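Okay, so here's the structure we're looking at.
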Amino acid sequence: MSEELTYSSYLGLERLLHMQTPRSDPAEHDEMLFIVIHQTYELWFKQVLHELDYLKVCLSTAELWKSVHVLKRVRMIVKTLVGQVDILETMTPMSFSSFRDRLDRASGLQSVQFRELEFAFGYKRPEVIDAILPGTPHREELVRRLSERSVIDHFYDFLEHRGVKIPAELRAKDPAAANVSNQAVQEGLVKLYKEQPETTILLELMTDVDEGVQEWRYRHVKAVERTIGHKLGTGGSAGVEWLKKSLFQPLFPDLWAIRPRL
Ligand code: HEM
């Protein structure tokens, strides 16, 4: 007879709870926090990717309320990701220094799922793939997502269902290229804000998610600055100075460009 399902077996806890292995020896107290917080982020990244794949379907089939529902969840998860930085910041610079050497060249720069998220939103920078060593699990998914239609491309489908004419050059755009702002899309968005108030719930939620991702970048860079100052990153970048370059860069530039007209 097969074994009875339990809380632990359903959740795979035996494996999950044995995957926190500090490299410091004897183990430095805060290395456990460092591992657990990264793993927690990765689990939430997984969930957001799952939600974004569904959001794309909802947008292309013009399901306004389903899209709103998914975006509400994504927004809450992103807020949680931002809030978790508070926990990270309980680790002092001295405490981090006590095990930092043991990370070798491992870095958040190599987070495949974070890059998948950026690509899924349409924030595409093909060169970030170079930091991910061949053979890293899920690297192929990342390469696939680069040339896959992003949330923005599916959002254009939604807009067309709502009467917004999407310019041919945007439709013909290489899916691997980054989102660009577009005047005609902005005109359409302003019209929706003024004439189809129910769609503004979706547009505001997309703005919330965009702002949330920007907040995460800001909180991460400040956490990095207070922990390592201007030291180089373990991934080989210039650290804080390099991270600052992606601050305040929107995922959905058109939604920001129209604000003064609303
Ligand atoms: C005190 C803790 C942390 C420090 C000192 C730190 C440091 C850094 C540095 C210096 C970089 C630049 C790349 C490099 O050269 O390594 C970076 C990138 C990154 N880190 Fe962290 N990090 C910390 C915590 C976290 C956490 C908890 C996450 C959660 C997943 C994370 C995710 C990332 C990601 C995704 C990148 C790439 C960001 C981008 O390309 O814009 N980091 N980190």
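All ligand and atom numbering here is 1-based and tracks the order in the structure. Source: prediction; values computed, not measured.
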Query raised in the report: Sub-3.5 Å donor-acceptor pair from the side chain of S67 to the main-chain atoms of E63, do we have one?
Result: yes

Report task. Check each atom of ligand 1 against the heavy atoms of G235 and keep those under 4.0 Å away; list them by number with element. Result -> 14 (C), 15 (O), 16 (O)

Query - Min heavy-atom dist Q84 to ligand 1 below 4.0 Å - result: no

Query raised in the report: Within the side chain of R102, is there an N or O that forms a donor-acceptor pair under 3.5 Å with the backbone of R23?
Result: yes

Query raised in the report: Is there a donor-acceptor contact under 3.5 Å from the side chain of S60 to the main chain of V57?
Result: no

Report task. Flag yes if M94 and I228 sit in one hydrophobic cluster, no otherwise; membership is Ile, Leu, Val, Met, Phe, Trp, Tyr, and two members link when side-chain heavy atoms are under 4.5 Å apart. Result -> no

Query raised in the report: List-wise, which protein N, O or S atoms are found short of 2.8 Å from atom 21 (Fe) of ligand 1?
Result: H220 NE2

Query raised in the report: Is there a heavy atom in K231 that sits closer than 4.0 Å to ligand 1?
Result: no

Report summary line: Note: ligand 1 atoms sitting under 4.0 Å from heavy atoms of H38 are 24 (C), 25 (C), 26 (C), 27 (C), 28 (C), 29 (C), 31 (C), 42 (N)

Query raised in the report: Closest heavy-atom contact between T199 and L192?
Result: OG1-CB, 3.7 Å

Query raised in the report: Is there a path of hydrophobic side-chain contacts, each under 4.5 Å between heavy atoms of I, L, V, M, F, W or Y residues, that connects F45 with L43?
Result: no

Report summary line: Under 4.0 Å from one or more heavy atoms of R115, ligand 1 contributes atoms 37 (C), 39 (C), 40 (O)

Query raised in the report: Taking non-hydrogen atoms only, is L88 closer than 4.0 angstrom to ligand 1 via side chain, backbone, both or neither?
Result: side chain

Requested in this report: May I ask you to decide if the ring planes of F34 and F96 are parallel, tilted or perpendicular, using 30° and 60° as cut-offs?
Outcome: tilted

Report task. Taking E241 for its side chain and S237 for its backbone only, find out whether a donor-acceptor pair lies under 3.5 Å. Result -> no

Query - ligand 1 atoms in contact with S246 (distance to a heavy atom under 4.0 Å) - result: 41 (O)

Query - From K245, M91, Q39 - option closest to atom 1 (C) of ligand 1 by heavy atom - result: M91

Requested in this report: Evaluate the ring planes of F252 and F121, with Trp represented by its six-membered ring, and classify them as parallel (under 30°), tilted (30 to 60°) or perpendicular (over 60°).
Outcome: perpendicular

Report summary line: In this structure, atom 12 (C) of ligand 1 is nearest to the protein heavy atom S237 OG, 3.4 Å

Report summary line: Using a 4.5 Å side-chain heavy-atom cut-off and chaining through intermediate ILVMFWY residues, the residues clustered with V112 come out as F119, V128, I129, I132, L142, V143, L146

Query raised in the report: If you measure from each heavy atom of Y123 to ligand 1, is any distance below 4.0 Å?
Result: no

Query raised in the report: Quick one: nearest non-hydrogen protein atom to atom 5 (C) of ligand 1, plus distance?
Result: F96 CE2, 3.6 Å

**Report entry** Worked check of side-chain hydrogen bond (donor to acceptor under 3.5 Å, both in side chains) between E42 and S111
**Finding:** CA-CA 8 Å; E42 290 291 337; S111 167; 2.8 Å; yes

**Report entry** Short N or O distance, E42 and ligand 1, threshold 3.5 Å exclusive
**Finding:** no

**Report entry** Atom indices of ligand 1, in the order listed, that fall short of 4.0 Å to a heavy atom of F34
**Finding:** 2 (C)

Query - Atoms in ligand 1 with a heavy atom of G236 nearer than 4.0 Å - result: 15 (O)

Report summary line: For atom 30 (C) of ligand 1, the closest protein heavy atom turns out to be Y41 CB, 3.6 Å

Query - Cluster check I201, M206: I/L/V/M/F/W/Y, side chain < 4.5 angstrom - result: yes

Requested in this report: Starting from atom 32 (C) of ligand 1, find the nearest protein heavy-atom neighbour and note its residue, name and distance.
Outcome: W216 CH2, 3.7 Å

Requested in this report: Mind running ring pair (Phe, Tyr, Trp, His ring centres under 6.0 Å) on F114 and W216 for me, showing each step along the way?
Outcome: CA-CA 12 Å; F114 185 79; W216 185 82; 5.3 Å; yes

Report summary line: So the atoms of ligand 1 within less than 4.0 Å of a heavy atom of R217 turn out to be 41 (O)

Report task. Walk me through it: do R144 and E141 pass the test salt bridge (Lys or Arg N to Asp or Glu O under 4.0 Å)? Result -> CA-CA 5 Å; R144 173 179 55 76; E141 267 99 318; 5.3 Å; no

Requested in this report: Go through the steps for R145 and K124 under the test side-chain contact (heavy atoms from CB on, under 4.5 Å), then give the verdict.
Outcome: CA-CA 9 Å; R145 278 193 194 273; K124 293 186 174 174; over 6 Å; no

Requested in this report: May I ask you to list the atoms of ligand 1 that are less than 4.0 angstrom from any heavy atom of F114?
Outcome: 35 (C)

